[in-house]
Structure formats: C-alpha cells, structure tokens
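Down below is the structure, laid out as structure tokens.
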Protein chains: 2
Amino acid sequence: MSLRHAVLALLEVGSMTGYELAKHFDQSVAYVWSAQHSQIYTELRRLETEGLLAVTTVPRGPKELATKRAYRLTEAGAAELHRWVTAIETPASVRDPAYVKATYLEYGSYAEARAQFRAHRTHYEEQRNWYEAHVDVLERRGTALLQRRLNRAPGPAHEAIVAYKVHAYRGLIERAKAEIAWAEDGLELVTRLAAGADPDTPVLQPDAAD
Amino acid sequence: MSLRHAVLALLEVGSMTGYELAKHFDQSVAYVWSAQHSQIYTELRRLETEGLLAVTTVPRGPKELATKRAYRLTEAGAAELHRWVTAIETPASVRDPAYVKATYLEYGSYAEARAQFRAHRTHYEEQRNWYEAHVDVLERRGTALLQRRLNRAPGPAHEAIVAYKVHAYRGLIERAKAEIAWAEDGLELVTRLAAGADPDTPVLQPDAAD
DNA sequence: AGCTCCATGTAAGTCGTTACATGATTCA
DNA sequence: TGAATCATGTAACGACTTACATGGAGCT
C-alpha cells in the first residue's frame, strides 16, 4: 500500500491533475515504486471517495469543451500521510526471481549460468547509473517537484527534506553495487566450476523420471 | 512467475504430495520466494491441468478411507524447468515500501524517523541471521531435500548444486548487511539533523492547504 | 477421548499488469 | 491538417493474501 501514500505525499506540495501527478511520479517515486498511469487514475478516484483527496473540476481549452480534475489533499489526507510516515510496517516477505533462479542454475549449462549473471550485472549497472544521476539532480534541487516542496516548507526544514531523499537514493546505489558484486562473484564461481567441463551441456539434465 | 518454477524444481527430486512439497518449500525456496500453502495447492492443480505435472492418487490409512495426491514432473515439466533456467527475464521494477517512506520522513519527527531506521535494522539483522544459518545447513548438506537432490545427481554435479545455492544465500547475506549499514547511516543522519531541534515535532507538518 | 499432525482445498478480496479506448488541445 | 501532448479512463486477467473449512490418521 505504498502507491496511495506516494500520491498523498506528491499532493502535499499543492493541487495537481492526475496527468501532472503521473508525470511527477515518473520522475521521482517511480525510482522506488513503479506504477502505470492507469493505476494512478484509479487510485486518485479511490482516495477521493475515501475523503483523503478533494477535487475541483477545471475547464480547459478556449471553448471550455474539455475539463480536467485538480486534486488536493484534505485534512484527512494530510493526517493519513502523517500516520503512514509514523507507522512501523513489517516488510513484505522476500520475493526475488533472480535469486530463486540462481539456486537452480544446475539445470542449465555453465554458459547459460554465465548469461544469467551477466544480465544481472547489466541490469543493476543501469539502475546504479539512474540512481546516481538522480542523486545529482536532488543535490542541485533540480526537479520542479522538489522546488515546490521547498517553497512550501520553512527554511530550517530544507536540509532534512533533501537529506532524507538523498540518503534513500544513496542506499539504492549501494544496493545496486552489491548486486553487481554478487553477479561478478557468480561469474567467477561459474569459471571455477566449469574448469575442464563442457560449457554448453546442462550440469544436470532436468528429468521427468520419478 | 517464480512459484510455478520453484514447484517444478522441487519436484525434480522426485514425487511428493502437496503437503510434503509445502513443507520442503518452507525450508528452502521460502527464503527467496514466500508463498502460502493454499497458493501452492492451487498452483499444483494448475500445473497438472497444463500437463507439466502428473498425479497419482495414493490411498492412506489402514482402511484407505483417505487419499493423498502424489505429484511428479512430466517430460513437459522438465522441459519447462530447463527453459526457465535458461531464459533471461527482465527483473520486475523496483518496489520497496521502506525506501518510499524513507524519502518522505520529513512528515514525521526525528524520533519517528529514528524508529523507522531502527525497525529496518532489526528486520535485516534477523534476515541476515536466517540466511547465515541456512548457508551453514547447505554447506553441511543438511536438508532432506538437498540429500535427495544430490542422490539423484551424478557425482561431478554435486559441487555445482551446492555452490549455486550457497552463492545465492551469500548474496542475500550481503544484501541484508547493506540494509543494516543503510539503516545505521540513517540513524546517524537523523542525529546530525536533529541537533538542537525538538525530536518530537514533525519536521514538516503535512498540510491540507493548497 | 482428545490432541497434533497429515492432507487438501474454497472464497473473497486487493493489488497490479496489459491492453484497449477516446477525445480535446496546441503548435507547426 | 497532422502530429504530439494533454487528459482520463475501462476491462480482463493474473498473482497473491487472508480467512475459512473439512476431515482422517496416529498416538497417548
């Protein structure tokens, strides 16, 4: 249930349409919690019916033929945002496809195992790069959203606002680095195991026999 | 879609009832992919209708009033297991509630932020301990499942079978350690930010005003 | 007789994905 | 006039969670 709270946090900076919110979402929260625009619209409607958001329908276009819906936080929404930040949640149980596959690599060849680790490394190198770029942007206070957030906040809070976000993304950078190191250790492991063996036949042929 | 493949991998060691499979699951795959027993039974039925598993109904009890269903891998199931290990999947996008909350800690007090990081640390310390214990068990080849797996496999494959699993769990240990370090850095950060401020009032009061 | 384990599910609901669908506005 | 962008959704499906439900077997 992080999407709803991410939405509340985004709207704390001021009212926005679903479309605007989705844009800002893609450039901020999406790094830690991905969501489709369709899901965001659905969630906005739900938060509205629950009274955590209020809506103003704004006409647009010269003839006002079209409208857009501007959402804003209600008192209840602000209270829920605060409740959520304060609440201690037990993290969801582990669920990582790459690691379950890694435990059964013997059903493939050494070459195939290597390919898995290489893909893993490449993926997390990309992640690391994204996160590093995002930390740079945050430190330069370079997103419109962060600007709005800082403008609304009293001066003494500015440091904390930026520091919390930077800390989170730095954590993700370290995590990505750990994944890269793990993949590289995996490649070394495969090299060691494969010494003198055929790299292209499965280490163990999966077998239907009982 | 890791559950189905984990099930196939478990059944590669030989036929089992859903109940037995769920037990083994809890002591192996569950460390990387949690699932309820109810979901396992559902998945077994589905794999059966898809032809990846075959079933034998076995009577039990002295009067054979009850039955149990023993599942085994079919040729198609073994092929699917091999296909999966070989396939390169793009990892699901990031989705971590702890990190989204960490980016919005300014809506709570410093004391509350500290509580979040402490809970995070405690959680991953537990995880690290479980994983470390599991690595020990694996290295001693101490689970019934691993024994069955090794018994079915040719000698030269034994090293790789154990090594892949140990490598996966060692990766999870490193990951847990990274989370612990991140939480500790977070605690330090809060201490720095909180210097001279009231620890119990929100850094920023979430506000409904537009 | 009663407790624990063995054994197998169903039902309702939530969260999220993928694909589809529509139409106005703005600007070149 | 055509393309990109603004703007908002619906529908079907899949994975998973939570809670409920049932009954035999084995042992004391």
Side-chain angles (χ1 to χ4, degrees), chain A residues 1-7 15-27 29-30 32-50 53 55-71 89-97 100 144, chain B residues 1-7 15-27 29-30 32-50 53 55-71 89-97 100 144:
Chain A
M1 280 248 277
S2 281
L3 178 60
R4 65 189 304 110
H5 297 106
V7 167
S15 89
M16 266 183 247
T17 66
Y19 187 81
E20 284 175 291
L21 191 140
K23 289 273 164 163
H24 288 305
F25 188 95
D26 289 344
Q27 284 159 34
V29 201
V32 281
W33 194 275
S34 70
Q36 307 299 317
H37 291 187
S38 63
Q39 200 192 347
I40 291 174
Y41 282 111
T42 315
E43 194 61 44
L44 284 167
R45 284 286 183 170
R46 197 183 326 176
L47 288 165
E48 184 198 343
T49 63
E50 289 175 28
L53 297 181
V55 189
T56 313
T57 302
V58 181
R60 67 189 178 103
K63 298 188 177 164
E64 307 197 342
L65 291 177
T67 55
K68 55 186 177 180
R69 299 163 55 80
Y71 292 91
E89 294 163 271
T90 49
S93 26
V94 193
R95 189 158 284 156
D96 193 319
V100 357
Chain B
M1 281 248 278
S2 279
L3 177 60
R4 66 189 303 112
H5 297 106
V7 166
S15 89
M16 267 183 246
T17 66
Y19 187 82
E20 284 176 290
L21 189 140
K23 289 271 164 168
H24 288 304
F25 187 95
D26 289 344
Q27 285 159 33
V29 202
V32 280
W33 194 275
S34 70
Q36 307 299 317
H37 291 188
S38 62
Q39 200 192 347
I40 292 174
Y41 282 112
T42 313
E43 193 62 43
L44 284 167
R45 284 286 183 168
R46 195 178 332 172
L47 288 166
E48 184 198 345
T49 62
E50 289 176 25
L53 298 181
V55 189
T56 314
T57 301
V58 182
R60 67 189 178 103
K63 300 189 177 163
E64 306 196 342
L65 292 176
T67 55
K68 54 186 177 180
R69 299 164 53 81
Y71 292 92
E89 294 163 272
T90 48
S93 26
V94 193
R95 187 157 284 157
D96 193 319
V100 357

Sugar-phosphate, base or nothing in reach of B/R69, heavy atoms under 4.0 Å: sugar-phosphate

Carboxylate-amine/guanidinium proximity below 4.0 Å for B/R4 and B/E50: yes

A/Y19 side-chain proximity, nearest of D/dT17, D/dG26, D/dA7: D/dA7

Touch class at under 4.0 angstrom, heavy-atom based, for B/T17 against every strand present: sugar-phosphate

N/O (side chain, B/K23) to phosphate O (OP1/OP2, C/dC6) under 4.0 Å: yes

Residue B/Y71, side-chain atoms from C-beta onward, closest of C/dT8, C/dG9, D/dT5: C/dG9

Sugar-phosphate only, base, or nothing, as touched by B/R46 at under 4.0 Å among non-hydrogen atoms: sugar-phosphate

Sugar-phosphate, base or nothing in reach of A/R4, heavy atoms under 4.0 Å: nothing

Side-chain N,O (A/R95) to OP1/OP2 (D/dT17) below 4.0 Å: yes

Lys/Arg N to Asp/Glu carboxylate O, A/E20 vs A/K68, below 4.0 Å: no

Heavy-atom pair with the smallest gap, counting every atom of A/F25 and A/A6: CE1-CB, 4.2 Å

Closest listed nucleotide, where the reference is the side chain of B/S38 and the choices are C/dG16, C/dG9, D/dG9: C/dG9

Selection from D/dC16, C/dA7, D/dA7 that lies nearest to any side-chain heavy atom of B/K68: C/dA7

Nucleotide nearest B/Q39 when distance is taken to its side chain, options C/dT18, D/dC16, C/dT8: D/dC16

